[in-house]
Amino acid sequence: MKLLVSPINTEEAMSALNGGADVIDIKNPKEGSLGANFPWVIRDVKEAIEGKKPISAALGDFNFKPGTAALAAYGAASAGATYVKVGLYDVKTEEQAFEMMTGIAESVKGMNVKVVACGYSDYERIDSIDPKLLPAIGEKAGVDLVMVDTGVKDGRSTFEFMNEDDLIEFVNDAHSRGLETAIAGTIKFDDIPALKRIQPTIIGVRGIVCGGDRSTTIRQELVEKLKSEI
Ligand SMILES: O=C[C@H](O)COP(=O)(O)O
């Protein structure tokens, strides 16, 4: 399993890199679970990382706005992101998710970028699409990776909303369609044995490497500890 860590600025990105993160995922938690950061932050982090690891950019927790999402993906890719990650937040149907994801995939075609469709494990409480539908939609739409995160960052984990069997089904379905997978959402050290059984391509974190409170700062030693445990 690869480790994706979500910094908010260059300083945190360096802690993530030096701690052993495999993907540096720039986001802006002030704007939500998959809040987008500014293009110059993506460019600055890219410069600081010096190509040692790929950069991912969160595009936002989207409602059904395929054009806005496609333009955001193009902007993030132009700023240097290798992964563009869209949150299908207020996206409720398979048709809407498909239209969002085909637009994004088309917008970054030929840019050597991986498109990530992210659903939410707590989809019922935010009235969003069931993430278990995403592997089939993602395959049809031409995305590279499907992901699960929590939509509401209130300390409740993905494991409280989806059990191990649900997550195994999600991961196996995606892998059988040739897609990569990521699992995130207040992951804790205690979840590592379950994650090893589930075997997603990537695990995504912020809170755990901030010492439990994602509004504080990423600590290199916690990234190192997590990396060594997975
Ligand atoms: O993409 C990963 C997220 O930033 C996970 O954040 P979290 O571990 O604080 O839920």
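All residue numbers refer to positions in the sequence shown, counting from 1. Values below: every heavy atom of this structure, side chains too, minus hydrogens, waters and symmetry copies. All ligand and atom numbering here is 1-based and tracks the order in the structure.
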* **Where ligand 1 meets K153 - atom numbers and elements under 4.0 angstrom, heavy-atom basis** => 5 (C), 6 (O), 7 (P), 10 (O)

* Asked: Between the main-chain N or O of L3 and the side-chain N or O of K227, is there a donor-acceptor pair closer than 3.5 Å?
  -> no

* Asked: For atom 1 (O) of ligand 1, what is the nearest protein heavy atom, given as residue, atom name and distance?
  -> K85 NZ, 3.1 Å

* Cut-off 3.5 Å, side chains only: do S121 and T158 have a donor facing an acceptor? -> yes

* V152 backbone acceptor or donor facing D122 side chain under 3.5 Å -> yes

* **Residues T150 and K153: side-chain donor-acceptor under 3.5 angstrom** => yes

* To do: For D173 and E169, indicate whether the former's side chain and the latter's backbone hold a donor-acceptor pair under 3.5 Å.
  => no

* Structure fact -> For atom 4 (O) of ligand 1, the closest protein heavy atom turns out to be K27 NZ, 2.6 Å

* Going by the order shown, which atoms of ligand 1 are within less than 4.0 Å of some heavy atom of M147? -> 1 (O)

* Asked: Looking at ligand 1, does T186 have a heavy atom less than 4.0 Å from it?
  -> yes

* To do: Specify side chain, backbone, both or neither for R214, according to which of its non-hydrogen atoms lie closer than 4.0 Å to ligand 1.
  => side chain

* To do: State whether a side-chain donor-acceptor pair under 3.5 Å links D144 with Y83.
  => no

* Structure fact -> Note: ligand 1 atoms sitting under 4.0 Å from heavy atoms of G207 are 7 (P), 8 (O), 9 (O)

* Check for a donor-acceptor pair, side chain of N28 on one end and backbone N or O of N37 on the other, with a separation under 3.5 Å. => no

* What residue and heavy atom of the protein are closest to atom 8 (O) of ligand 1, and at what distance? -> R206 N, 2.9 Å

* Determine, for F64 and K92, whether the Lys NZ or Arg CZ falls below 6.0 Å from the six-membered ring centre while staying within 45 degrees of the axis. => no

* Any nitrogen or oxygen of T150, main chain or side chain, under 3.5 Å from a nitrogen or oxygen of ligand 1? -> no

* **Expected output: side-chain T181 to main-chain V146 donor-acceptor under 3.5 Å** => no

* To do: Give the numbers and elements of all ligand 1 atoms closer than 4.0 Å to a heavy atom of L4.
  => 1 (O)

* For ligand 1, the portion of D25 having any non-hydrogen atom under 4.0 Å away -> side chain

* For ligand 1, indicate whether the residue K188 contacts it via side chain, backbone, both or neither (heavy-atom separation under 4.0 Å). => neither

* To do: Mark up the atoms of ligand 1 that fall under 4.0 Å of a heavy atom belonging to A184, in ascending order.
  => 2 (C)

* Counting each atom of ligand 1 from 1 as listed, which ones have a heavy atom of S6 under 4.0 Å away? -> 1 (O), 2 (C), 3 (C), 4 (O)

